[in-house]
Amino acid sequence: MSTGYLYEPLPDVDSGLRLHLNENTDGCSPAVLAAVARVTRQQLAAYPSYSSATEAVARHLGVGADQVLLTNGLDEGILTIALALVPRGDPGRVVVVEPAYGMYGPSARLAGADVVSADANPDLSFSRAAYEAALSADTRLVMLSNPNNPAGYVIPDGTLVDLALELGPDRFLFVDEAYADFAGNSVIASLDRCPNLLVGRTFAKAYGLAGMRIGCVLASPEVIRRLRGAIAPFSVNVFAVAALEAALADRAHLDWYLAQVREARAYLCAAFDRLGLSYWPSAANFVLVRVGDAPRIRAALAGRGVHVRDRSSAPGCAGSIRITVGRVEDARACVAALEEVL
Ligand SMILES: *Cc1c(COP(=O)(O)O)cnc(C)c1O
């Protein structure tokens with residue numbers, strides 16, 4: 001893989017049911033649009049101020065404001081982490097826990113690191129043995145997502161804290177919690193105990209702000225200072241700042257959406273059981289399901305206006321597609337299309 005290749009380009013889809021990128025299928029809170037409309041000409045003319053939104057995120061997640069870095073989507077946070085924590089001149093190794101989100105390896109390579117994968121067990125669960133084997137004395141950083149994308153499994157928080165403590169002070173652990181809103185788990189409460197721990201959150205998924213590009217990284221104040229040295233000072237724009245504060249304030253919209261996803265996920269899994277399809281139990285807003293001829297099923301679903309992600313080329317995911325879980329009505333439409341194409 002070349003160094004600069006950051007993401008598999010996906011076909012543009014502007015109609016139909018988008019179940020291929022784990023977006024919020026309902027949309028963001030209406031309060032977000034109102035807040036964006038209130039942004040003034042003067043605010044647009046000025047470089048953005050982040051204090052208020054940073055404090056809102058810190059309160060929301062239970063950390064200090066000096067433990068928060070707002071980023072232009074969590075993708076920018078991932079690249080920033082790699083650039084800040086892989087030392088130039090002596091880059092060493094970055095360990096990526098598989099199956100992995102597509103940004104980890106390319107970001108680490110851009111930072112100059114040697115990327116080594118810690119492969120999953122054959123059932124795609126976390127392999128402690130493969131993880132230990134991938135570590136080296138010159139490992140700078142370990143990257144993983146919890147819940148995992150695309151398998152949807154959760155590594156217990158206690159295990160992750162053990163991993164961070166075992167890595168010791170000079171090797172960092174990045175836990176990508178892009179889907180933690182759906183699962184309800186988090187290692188944020190252990191940040192103070194583990195100075196080498198970083199947590200990533202995004203407002204793209206549960207909060208429906210993927211198009212706004214807003215995420216954050218949480219870590220110790222010292223690590224946050226290091227990250228600031230590797231990111232442009234105004235990478236988050238004024239609309240994103242206004243949107244974020246409004247989204248955090250609308251707890252009811254979030255709770256409603258999380259309940260929809262729980263119900264829709266149960267509906268989808270019951271349909272997979274009925275159709276005899278095997279799937280990975282997921283704590284997130286997507287389910288990886290084995291359909292056999294995944295490219296054909298993906299194309300046939302797309303022909304019916306339902307867009308899903310073919311993951312069959314990912315390690316351990318042969319024959320599988322990943323379907324986003326959104327509102328219950330979207331799950332019903334998806335199952336109806338799936339029954340036709342199978
Ligand atoms: C979607 C996703 C991200 C990216 O989030 P953005 O805020 O949209 O950049 C990061 N990590 C994982 C695991 C994701 O699935």
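Please read these numbers as outputs of a predicted model, since none were measured by experiment. As the structure lists them, so they are numbered: ligands from 1, and atoms in each ligand from 1.
Environment of CD in E263: sparse, with no more than 12 heavy atoms of neighbouring residues, nucleotides or ligands closer than 6.0 Å.
In this structure, R332 forms a cation-pi arrangement with Y267, its terminal cationic atom sitting closer than 6.0 Å to the ring centre and no more than 45° off the ring axis.
Distance from atom 15 (O) of ligand 1 to its nearest protein heavy atom, with residue and atom name: Y179 OH, 2.5 Å. Closest to atom 10 (C) of ligand 1 among all protein heavy atoms lies Y101 CE2, 3.4 Å. The single protein non-hydrogen atom nearest to atom 6 (P) of ligand 1 is L74 N, 3.3 Å, given as residue, atom name and distance. Of the protein's heavy atoms, R213 NH1, 2.8 Å lies nearest to atom 8 (O) of ligand 1. The protein heavy-atom contact nearest to atom 2 (C) of ligand 1 is K205 NZ, 2.5 Å.
Looking at N72 and S235, their side chains never bring a donor and an acceptor atom within 3.5 Å of each other. For the residue pair Y279 / D273, a side-chain donor-acceptor distance below 3.5 Å is found, with atom types taken as modelled.
For ligand 1 and A178, the ligand atoms under 4.0 Å from any heavy atom of the residue are 11 (N), 12 (C), 13 (C), 14 (C). Close contacts between ligand 1 and D176 involve ligand atoms 10 (C), 11 (N), 12 (C), 13 (C) [criterion: under 4.0 Å to a heavy atom]. Of all atoms in ligand 1, listed by their number and element, those nearer than 4.0 Å to a heavy atom of T202 are 5 (O), 6 (P), 7 (O). Near N149, meaning under 4.0 Å from one of its heavy atoms, ligand 1 places the atoms 15 (O).
A salt bridge links D90 and R140; the closest N-O separation between the charged side-chain nitrogens and carboxylate oxygens is under 4.0 Å. Ionic pairing of R201 and D181 is present here: one or more N-O contacts between side-chain nitrogen and carboxylate oxygen are shorter than 4.0 angstrom.
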Which is it for D192 and Q67 under the side-chain hydrogen bond (donor to acceptor under 3.5 Å, both in side chains) test, yes or no, and what are the steps along the way?
-> CA-CA 10 Å; D192 289 342; Q67 292 178 285; 3.2 Å; yes
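Contact annotation for D75 and ligand 1: heavy atoms of both the backbone and the side chain come within less than 4.0 Å of the ligand.
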